[in-house]
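Lettering of chains follows the sequences in order, A, B, ..., and the numbering in each one begins at 1.
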Amino acid sequence: MDVNQQLSTEQSHHEELNELMLRRRVELDELVKKNIDPYPYNYNRTDYSQEVILNFKDDGSQHNVSVAGRIMSIRRMGKASFCHIQDTEGKIQVYLKHDDLGEAYELFKLLDIGDIIGVEGFVFRTKLGEVSIHARRYEVLAKSLRPFPIVKEKIDEQGNRVVYDPFSDKELRYRQRYVDLVVNEKVRDVFIKRTRLLQSIRGFLDSHGYLEVETPILQSMYGGAFARPFVTHHNALDVDLFLRIADELYLKRLIVGGFDGVYEFAKDFRNEGMDRSHNPEFSMLELYVAYKDYFWMMDFVEELISTAAVDVNGVTSWKVGEHEIEFRSPWKRIPMFDAIREYTGYDLSGKEEAELLSIAKKLHIEVEPNAGSGVIIDEIFSELVEPELIQPTFIIDYPIEMSPLAKKHRSKPGLVERFEVIVNGQELCNAFSELNDPLDQRQRFEEQMKLRAKGNEEAQVLDEDYLRALEYGMPPTAGLGIGIDRLTMLFTNQDSIRDVIFFPQMKPEH
RNA sequence: GAGCCCGUAGCUCAGGGGUAGAGCAUCUGCCUUUUAAGCAGAGGGCCGUUGGUUCAAUUCCAACCGGGCUCACCA
């Protein structure tokens with residue numbers, strides 16, 4: 001039975017499969033009939049594509065290699081063929097010749113783009129100059145049953161890689177990230193950089209003696225940020241639990257417990273809207289260091305991030321969107337009220353709520369009635385100032401109403417010792433001199449509970465156990481949170497959080 | 001949640017009230033250093049889903065599903 005006949009009989013059994021997928025199943029059956037296991041258990045790969053290319057010498061010596069990877073293109077020319085296979089490092093061309101492979105060459109006709117093979121052979125340079133592997137043997141390692149998107153590319157005269165018809169459907173790319181990663185090299189690079197970034201930060205913190213810890217994701221009480229939580233249920237205890245919106249209160253409990261420096265790379269969950277910079281599940285680094293304050297933390301963050309810049313990108317400055325951003329320290333430090341005065345012309349310091357309201361109105365900022373002065377100030381800041389701050393900038397000294405976990409400013413009444421780092425018009429870090437006065441903390445929680453009672457769902461919840469911990473005594477402490485996804489966006493010049501998260505949240509397919 | 005835009009072959013995209021189009025991919029034939037391989041031929045479509053208007057809808061209209069962008073939310 002030839003392939004075409006087989007195709008028509010198979011058709012009735014696989015009504016849902018399209019022609020391309022049917023072909024591949026027929027080929028799979030052919031392989032099995034020829035006693036070839038299309039899904040063997042291992043392969044002795046000893047070499048990687050780019051190493052092979054780099055190590056090649058045009059001195060006539062014959063160097064044997066064994067590589068493995070996915071077939072990305074095939075050019076058949078009768079009794080000889082070229083294909084490119086792609087491994088973790090990149091692509092390398094393979095030359096297969098009937099004279100060398102005999103029967104196995106016929107078998108190669110059953111292989112497709114997407115199949116994974118192992119190749120043994122010697123390295124040579126083709127007439128047109130590409131370092132390639134002349135196959136002596138090859139082995140099927142996994143037959144692919146679905147057609148990949150075909151992305152064609154060539155190297156133009158300037159040596160640039162030109163890509164034709166890139167796989168670009170965002171829905172498919174996000175839902176089937178595995179495909180995106182195979183065919184879009186730049187996507188791979190983004191995620192490799194993300195990992196390098198985490199490695200750099202972790203190395204920096206470890207080398208400073210801080211302890212990486214893990215704290216609960218399922219919490220019976222959520223806190224440490226303003227956000228609505230995801231709620232779930234524990235059957236055995238018959239209680240509702242919340243997915244954490246932050247790990248702040250647990251990390252500070254560990255400072256109470258006597259650790260001088262703790263940090264956690266945390267997945268946090270916030271039940272809010274989604275957009276270019278928000279995914280319901282996102283990554284946050286939180287760090288707490290005993291006996292330090294927010295001044296110390298500013299120096300520390302500058303060093304941490306500029307070090308990561310060099311580790312990840314080799315430089316401290318690069319283009320993000322339209323702007324060249326310089327991460328080298330020092331960064332500007334501007335008190336929040338000064339920044340607002342600079343960008344709006346209004347001095348908000350010491351103003352009562354009524355005055356703030358009228359200024360907001362003049363600035364065309366809409367604020368809910370009874371929002372509270374903290375909210376008004378924050379609205380004005382985030383509407384009119386934040387978008388203007390492109391270079392890394394510390395905004396320091398926030399109104400106390402907005403910061404129930406931060407310590408009162410040592411000299412400026414009504415403010416707390418808090419900073420945010422704004423880069424490219426977006427908040428990147430948030431840090432305080434941590435509030436360790438248990439009585440003050442109780443009052444602040446009570447203020448929050450009043451807001452809650454008024455219907456503010458995102459006001460923080462009074463956490464009696466956290467207060468108990470503070471009552472035992474927490475040393476002066478500096479704390480920091482860094483949005484890892486946003487930092488990755490800056491480091492890889494991506495403008496959507498979905499492009500730095502492997503599997504961003506999507507609506508279910510069906 | 002609102003507004004705008006999109007959904008056509010495996011992928012990237014044209015089209016448009018009357019038999020559905022291209023390139024790549026696939027298949028057949030030729031081709032033993034090609035590389036966006038080439039040459040000749042072929043197959044492949046519930047035109048997102050469901051309704052409506054119409055003699056006739058993939059095309060126009062509505063709703064729904066999914067996606068994108070912008071805004072709101074993210075004190």
For nucleotides [N] and [M], find the distance between their [atom1] atoms and express it as a whole number of Å.
{"N": "B:rG7", "M": "B:rG15", "atom1": "P", "answer": "10 Å"}
{"N": "B:rC61", "M": "B:rA57", "atom1": "P", "answer": "16 Å"}
{"N": "B:rA2", "M": "B:rC46", "atom1": "C1'", "answer": "32 Å"}
{"N": "B:rG68", "M": "B:rU34", "atom1": "P", "answer": "44 Å"}
{"N": "B:rC74", "M": "B:rG16", "atom1": "P", "answer": "45 Å"}
{"N": "B:rC27", "M": "B:rC47", "atom1": "P", "answer": "26 Å"}
{"N": "B:rG48", "M": "B:rG41", "atom1": "P", "answer": "31 Å"}
{"N": "B:rA42", "M": "B:rC4", "atom1": "P", "answer": "46 Å"}

Just name whichever nucleotide pairs with [N], Watson-Crick or G-U, keeping both distances under 3.5 Å, else none.
{"N": "B:rC39", "result": "B:rG29"}
{"N": "B:rC46", "result": "none"}
{"N": "B:rC60", "result": "B:rG52"}
{"N": "B:rC24", "result": "B:rG10"}
{"N": "B:rC73", "result": "none"}
{"N": "B:rC4", "result": "B:rG68"}

Counting the atoms with a prime plus P, OP1 and OP2 as sugar-phosphate, which does [X] contact under 4.0 Å by heavy atoms, base, sugar-phosphate, or nothing?
{"X": "A:R173", "result": "nothing"}
{"X": "A:I155", "result": "nothing"}
{"X": "A:Y164", "result": "base"}

Point to revise | Position toward the 5' end of RNA chain B (nearest nucleotide), A:R24 or A:P149 | key: A:P149
Exercise for review: Map A:R75 and A:D169 onto RNA chain B by nearest heavy atom, then report which one ends up closer to the 5' terminus.
Suggested key: A:D169
In whole angstroms, how far is the [atom2] atom of [N] from the [atom1] atom of [X]?
{"X": "A:F167", "N": "B:rG23", "atom1": "CZ", "atom2": "P", "answer": "22 Å"}
{"X": "A:I74", "N": "B:rC31", "atom1": "CD1", "atom2": "P", "answer": "18 Å"}
{"X": "A:Q176", "N": "B:rG67", "atom1": "CD", "atom2": "C1'", "answer": "14 Å"}
{"X": "A:H134", "N": "B:rU35", "atom1": "NE2", "atom2": "C1'", "answer": "17 Å"}
{"X": "A:D165", "N": "B:rA25", "atom1": "CG", "atom2": "P", "answer": "11 Å"}
{"X": "A:I150", "N": "B:rC27", "atom1": "CD1", "atom2": "P", "answer": "11 Å"}
{"X": "A:M72", "N": "B:rC24", "atom1": "CE", "atom2": "C1'", "answer": "14 Å"}
{"X": "A:E130", "N": "B:rU35", "atom1": "CD", "atom2": "P", "answer": "11 Å"}

Review point. Hey, which of A:K143, A:R23, A:R76 is the one that makes salt bridge (charged side-chain N to carboxylate O under 4.0 Å, His left out) with A:D112?
Key: A:K143
Report yes or no: is there a donor-acceptor pair, N or O only, under 3.5 Å between the side chain of [X] and the base of [N]?
{"X": "A:Q93", "N": "B:rU34", "answer": "yes"}
{"X": "A:T126", "N": "B:rU34", "answer": "yes"}
{"X": "A:S132", "N": "B:rU33", "answer": "no"}

Do we see a donor-acceptor contact under 3.5 Å between the side chains of [X] and [Y]?
{"X": "A:E401", "Y": "A:S373", "answer": "yes"}
{"X": "A:H409", "Y": "A:Y398", "answer": "no"}
{"X": "A:S49", "Y": "A:Q86", "answer": "no"}
{"X": "A:R75", "Y": "A:S81", "answer": "no"}
{"X": "A:H278", "Y": "A:Q505", "answer": "no"}

Review point. So, do A:L241 and A:V231 sit near enough that their side-chain heavy atoms are less than 4.5 Å apart?
Key: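 The answer is no, as the side chains (C-beta and beyond) never meet within the 4.5 Å cut-off.
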Indicate yes or no: does [X] engage [Y] in a salt bridge with an N to O separation below 4.0 Å.
{"X": "A:K407", "Y": "A:D440", "answer": "no"}
{"X": "A:K33", "Y": "A:E30", "answer": "yes"}
{"X": "A:R125", "Y": "A:D58", "answer": "yes"}

Review point. Which nucleotides of nucleotides 69-75 of chain B have their base under 4.0 Å from a protein heavy atom (B), which only their sugar-phosphate (S), and which neither (-), written as one string 5' to 3'?
Key: SS--BBB
Review point. Looking at B:rU33, B:rU12, B:rG67, which one has an atom nearest to any side-chain atom of A:R175?
Key: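 Out of B:rU33, B:rU12, B:rG67, the nucleotide with an atom closest to A:R175's side chain is B:rG67.
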Exercise for review: Among B:rU12, B:rG66, B:rU33, find the nucleotide with the atom closest to the side chain of A:F82.
Suggested key: B:rU33
Exercise for review: Scan residues 493-503 of chain A for pairs that pass side-chain hydrogen bond (donor to acceptor under 3.5 Å, both in side chains), counting only residues two or more places apart or in two chains.
Suggested key: A:Y174-A:D499
Practice item. Give a yes/no answer on whether the side chain of A:K507 brings an N or O atom under 4.0 Å of OP1 or OP2 in B:rG66. Key: yes
Short N/O separations, protein against nucleotides 43-49 of chain B, under 3.5 angstrom:
{"unit_1": "B:rG43", "atom_1": "N2", "unit_2": "A:E19", "atom_2": "OE1", "d": "2.8"}
{"unit_1": "B:rG44", "atom_1": "O4'", "unit_2": "A:E19", "atom_2": "OE1", "d": "3.4"}

Check your understanding: Would you say the ring centroid of A:F502 lies under 6.0 angstrom from that of A:F191?
Key ->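 Distance test on ring centres: under 6.0 Å, yes.
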